[in-house]
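Data block below; observations after.
We count ligands from 1, going down the list as the structure has it; atoms in each ligand are counted the same way.
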Amino acid sequence: MRFEKTIGCIGAGYVGGSTMAVLAYKCPHYKVIAADMDEAKIQKWNSNDPPFYEPGLKEIVNEVRGKNLFFTHDIPSMIRESQIIFVSVNTPIKEYGIGAGMAADLRYWEKCARDILLYANEDKIVVEKSTVPVRTAQAIAHILSSSQNHRFQVISNPEFLAEGTAIDDLLSPDRVLIGSEETPEGIAAREEIVKIYAHWVPREKIVTSNVWSSELSKLASNAFLAQRISSVNALTPLCEITGANIDEVSMAVGMDSRIGGKFLKASVGFGGSCFRKDILNLAYICKSYGLEEVAEYWLGILKINELQKERFVQRMLRAMFNTLVEKKIAIFGFAFKARTDDTRDSPAITVVKRLLEEKASISITDPKALENAKKDLKGITGAIHFTLDPYEAAQHADAIAVITEWDLYKELNYKKIFEIMRKPAFIFDGRNILDHEALYNIGFNVYPLGKKELVHFKEYP
Ligand code: NAD
Ligand code: UGA
């Protein structure tokens with residue numbers, strides 16, 4: 001079959017792989033090539049199971065792979081063949097030198113720019129899909145403009161998908177943002193990218209802007225989302241002390257249409273590969289322009305998030321008579337959120353490490369994330385057991401800590417679980433997903449987040 005054009009992507013991870021799959025699915029007349037330097041990952045893409053779990057992804061990939069979607073390790077060939085090249089490589093926190101622990105490490109991105117420069121055989125449009133610091137496009141354009149033979153336009157097109165709902169987010173995005181240099185060539189290149197999305201996204205949802213607004217909007221969006229969670233989480237201790245109920249407060253606040261109800265769910269802390277990294281990056285950029293107070297404002301979101309995880313552990317410790325030695329704790333959920341196997345920066349990692357420091361023995365259950373959990377906890381000393389079966393995890397346990405909001409934890413037989421646990425039995429619901437009253441009536445001592453605990457202990461005067 002002759003294709004209208006070829007679109008390539010460097011980086012076939014969560015974003016690159018999922019985005020290219022949906023693009024190929026929606027644009028059968030384009031050839032789409034996702035390339036990655038990780039050969040094992042490419043092999044997985046070319047098997048029947050993608051390299052990670054994402055609802056709906058496997059079905060889409062299986063439908064288009066080999067027709068107009070191709071996965072390859074051969075980056076030079078992909079670069080030569082593609083007229084438009086998305087770059088969706090990881091941009092982790094820098095771990096060395098200036099900016100260590102805060103700035104984005106752009107070495108993977110720069111390597112891509114240099115590969116494009118090296119292998120390109122004609123003019124190309126290069127699309128920043130990775131989340132990058134504002135003004136990265138300029139650095140990339142400087143590298144690419146050293147070409148004697150070809151001209152490159154750098155477009156910013158940040159991705160807003162969330163894991164667990166990535167396919168729906170890609171099929172029906174709230175908006176698609178496309179930024180470019182505001183020159184005739186920049187605007188023409190931007191229109192090429194608009195044309196791609198216009199195959200399935202309503203035109204009014206495709207927003208164009210200058211390239212710096214586009215880059216900064218991505219960091220700002222993640223900071224705003226995380227800020228809402230930290231705002232709610234910051235209210236949970238106050239609720240526990242005063243008798244207010246965080247779910248009722250969130251609902252009342254969110255019903256104001258100026259505020260809105262989404263992302264106001266209290267939790268043991270937010271996780272995932274991006275919120276912490278992107279806020280650190282935003283704060284680093286502010287600091288680098290001398291905006292210390294602004295940087296501190298954004299960093300406050302992260303301080304509350306760390307405090308929330310620590311508060312969860314301290315509440316467990318206090319409730320269980322100030323010692324966890326020889327106590328078994330079942331961890332329900334290790335993924336950073338439900339419907340994914342991703343554990344990057346999951347609050348479960350911090351909670352488990354802290355409980356092990358208190359010499360508790362840990363039994364972790366999760367329907368999808370156990371393999372990643374094992375990697376995250378490799379080399380950590382202490383008693384850790386992994387099981388797919390929540391009942392096995394709870395056997396002889398003193399406490400259950402719900403860390404991930406998997407639906408299956410709502411549907412378990414808690415009467416049976418209560419019977420197989422050591423007494424007194426505790427539940428710490430770090431997601432407020434369980435029926436706390438019913439658990440209390442079964443006999444559990446229940447500690448929801450941001451709500452009064454329900455305990456069977458008598459208060460002594
Ligand atoms: P990922 O780690 O899953 O994937 C990145 C891939 O890039 C890896 O497979 C890696 O092997 C590959 N890679 C790195 N350097 C390469 C090179 N020079 N040549 C070829 N391949 C290379 O990361 P991700 O979660 O897909 O995130 C990618 C970017 O998208 C990041 O900037 C992230 O902040 C952003 N983002 C992520 C999400 C998300 O939900 N994960 C959502 C929106 C935006
Ligand atoms: C987030 C953003 O939602 C995406 O728009 C963005 O593209 C992506 O980061 C990124 O740049 O990587 P993601 O991290 O996949 O997506 O998942 P979210 O649904 O945002 O959840 C992040 C964390 O916040 C999870 O740990 C989740 O459990 C927690 N959360 C979310 C809460 O604690 N309360 C809420 O009300 C919502």
the protein heavy atom lying closest to atom 5 (O) of ligand 2 turns out to be Phe160 O, 2.7 Å

Would Gly271 count as a polar contact of ligand 2, with the cut-off being nitrogen or oxygen pairs under 3.5 Å?
yes

For Ser273, is the nearest heavy atom under 4.0 Å from an atom of ligand 2?
no

For Phe426 and Phe428, take the angle between the two ring planes, folded into 0 to 90°, and tell me which bin it lands in: parallel under 30, tilted 30 to 60, perpendicular over 60.
parallel

Could you list which atoms of ligand 1 come closer than 4.0 Å to a heavy atom of Tyr108?
15 (N), 18 (N)

Derivation and outcome, side-chain hydrogen bond (donor to acceptor under 3.5 Å, both in side chains), residues Arg175 and Ser221:
CA-CA 12 Å; Arg175 81 303 207 184; Ser221 296; 3.1 Å; yes

For ligand 1, is there an N or O atom under 3.5 Å from any N or O atom of Ile10?
no

Give the residue, atom name and distance (to 0.1 Å) of the protein heavy atom nearest atom 1 (C) of ligand 2.
Phe275 CE2, 3.4 Å

Taking atom 6 (C) of ligand 2 as the point of reference, which of Val15, Leu264, Leu161 owns the nearest heavy atom?
Leu161

If you count the atoms of ligand 1 from 1 in the order shown, which ones are under 4.0 Å from a heavy atom of Ser88?
5 (C), 28 (C)

Give the residue and atom name of whichever protein heavy atom lies nearest to atom 22 (C) of ligand 1, and the separation in Å to one decimal.
Val89 CG1, 3.5 Å

Quick check: does Asn222 get an N/O under 3.5 Å from an N/O on ligand 2?
yes

Under 3.5 Å, side chain of Arg344 to main-chain N/O of Cys274, donor-acceptor pair present?
no

Using a strict cut-off of 4.0 Å, indicate which atoms of ligand 1 neighbour a heavy atom of Lys218.
43 (C)

May I ask whether Lys218 places a heavy atom under 4.0 Å from ligand 2?
yes

Heavy-atom distances under 4.0 Å decide this one: backbone, side chain, both or neither, for Lys111 against ligand 1?
side chain

protein heavy-atom neighbour closest to atom 20 (O) of ligand 2 works out as Phe263 CZ, 3.2 Å

In the protein, what heavy atom is nearest to atom 17 (C) of ligand 1, and what distance, to one decimal place, separates them?
Met37 SD, 3.7 Å

Can you check whether Glu163's main-chain N or O pairs, donor with acceptor, with Lys337's side chain at less than 3.5 Å?
yes

Just need the protein heavy atom nearest to atom 28 (O) of ligand 2, so name the residue and atom and give the distance.
Arg431 NH1, 2.7 Å

Thr91: numbered ligand 1 atoms lying under 4.0 Å from its heavy atoms:
31 (C), 32 (O), 34 (O)

To which protein heavy atom is atom 30 (N) of ligand 2 closest, and what is the distance rounded to 0.1 Å?
Ile229 CD1, 3.4 Å

Which atoms from ligand 1 have a heavy atom of Ser273 less than 4.0 Å away?
41 (N)

What protein heavy atom sits nearest atom 25 (O) of ligand 1, and how far off is it?
Arg344 NH2, 3.2 Å

When you compare the side chains of Asp435 and Tyr414, does any donor N or O come within less than 3.5 Å of an acceptor on the partner?
no

Proximal ligand 1 atoms for Lys41, defined as those under 4.0 Å from one of its heavy atoms:
8 (C), 9 (O)

Paired with Phe270, the ring-ring contact (aromatic ring centres under 6.0 Å, His included) test is passed by just one of Phe336, Phe263, Phe275, namely Phe275

Mutual orientation of the aromatic rings belonging to Tyr30 and His199 [parallel < 30°, tilted 30-60°, perpendicular > 60°]:
perpendicular

Between the candidates Phe160, Trp45, Phe275, Tyr14, which shows the shortest non-hydrogen contact distance to atom 24 (P) of ligand 1?
Tyr14

Using a strict 4.0 Å cut-off to heavy atoms of Phe270, name the atoms of ligand 2 that fall inside it.
23 (C), 24 (O), 26 (O), 29 (C)

Which residue and atom name correspond to the protein heavy atom nearest atom 33 (O) of ligand 2, and how close is it?
Ser267 OG, 2.6 Å

Just jot down the ligand 1 atoms closer than 4.0 angstrom to any heavy atom of Ile75, in number order.
19 (N), 20 (C)

Keeping Gln227 on the side-chain end and Ile301 on the backbone end, is there a donor-acceptor pair under 3.5 Å?
no

Numbering the atoms of ligand 2 from 1, which are under 4.0 Å from a heavy atom of Cys274?
10 (C), 11 (O), 12 (O)

Checking the N or O distance criterion of under 3.5 Å, is ligand 2 in contact with Glu163?
yes

Only heavy atoms of Lys277, strictly under 4.0 Å: list the atoms of ligand 1 that pass.
33 (C), 34 (O)

Would you mind running through ligand 2 and noting each atom that sits below 4.0 Å from a heavy atom of Glu159?
7 (O)

Considering non-hydrogen atoms of the protein only, which is the closest contact for atom 14 (O) of ligand 2, and what is the distance?
Phe336 CE1, 3.5 Å

Is there a ring pair (Phe, Tyr, Trp, His ring centres under 6.0 Å) between Phe70 and Trp45? Walk through the geometry before answering.
CA-CA 9 Å; Phe70 302 89; Trp45 280 116; over 10 Å; no

Please write down residue, atom name and distance for the protein heavy atom closest to atom 43 (C) of ligand 1.
Glu159 O, 3.2 Å

Between the main-chain N or O of Asn233 and the side-chain N or O of Thr236, is there a donor-acceptor pair closer than 3.5 Å?
yes

Residue pair Thr165, Asp168: steps toward the side-chain hydrogen bond (donor to acceptor under 3.5 Å, both in side chains) verdict
CA-CA 6 Å; Thr165 54; Asp168 285 346; over 6 Å; no

When you measure from atom 19 (O) of ligand 2 to every protein heavy atom, which one gives the shortest distance, and what is it?
Lys337 NZ, 2.8 Å

Any N or O on Glu163 sitting closer than 3.5 Å to an N or O of ligand 1?
yes

More than 12 heavy atoms of other groups within 6.0 Å of Phe3 CZ:
yes

Geometry only, no angles: is Val15 polar-contacting ligand 1 at N/O separations under 3.5 Å?
yes

Only one of Asp376, Asp366, Asn372 passes side-chain hydrogen bond (donor to acceptor under 3.5 Å, both in side chains) with Thr343, and that residue is Asp376

Just to be sure I'm reading this right: ignoring hydrogens, which of Arg276, Lys265, Lys262 gets closest to atom 36 (O) of ligand 2? Compare them by their nearest heavy atoms.
Lys265

For atom 9 (O) of ligand 1, what's the nearest protein heavy-atom neighbour? Residue, atom name and distance, please.
Asp36 OD2, 2.6 Å

Short N/O distance, under 3.5 Å, between Asp38 and ligand 1?
no

Quick one: does ligand 1 sit under 4.0 Å from the side chain of Ser130, the backbone, both or neither, non-hydrogen atoms only?
both

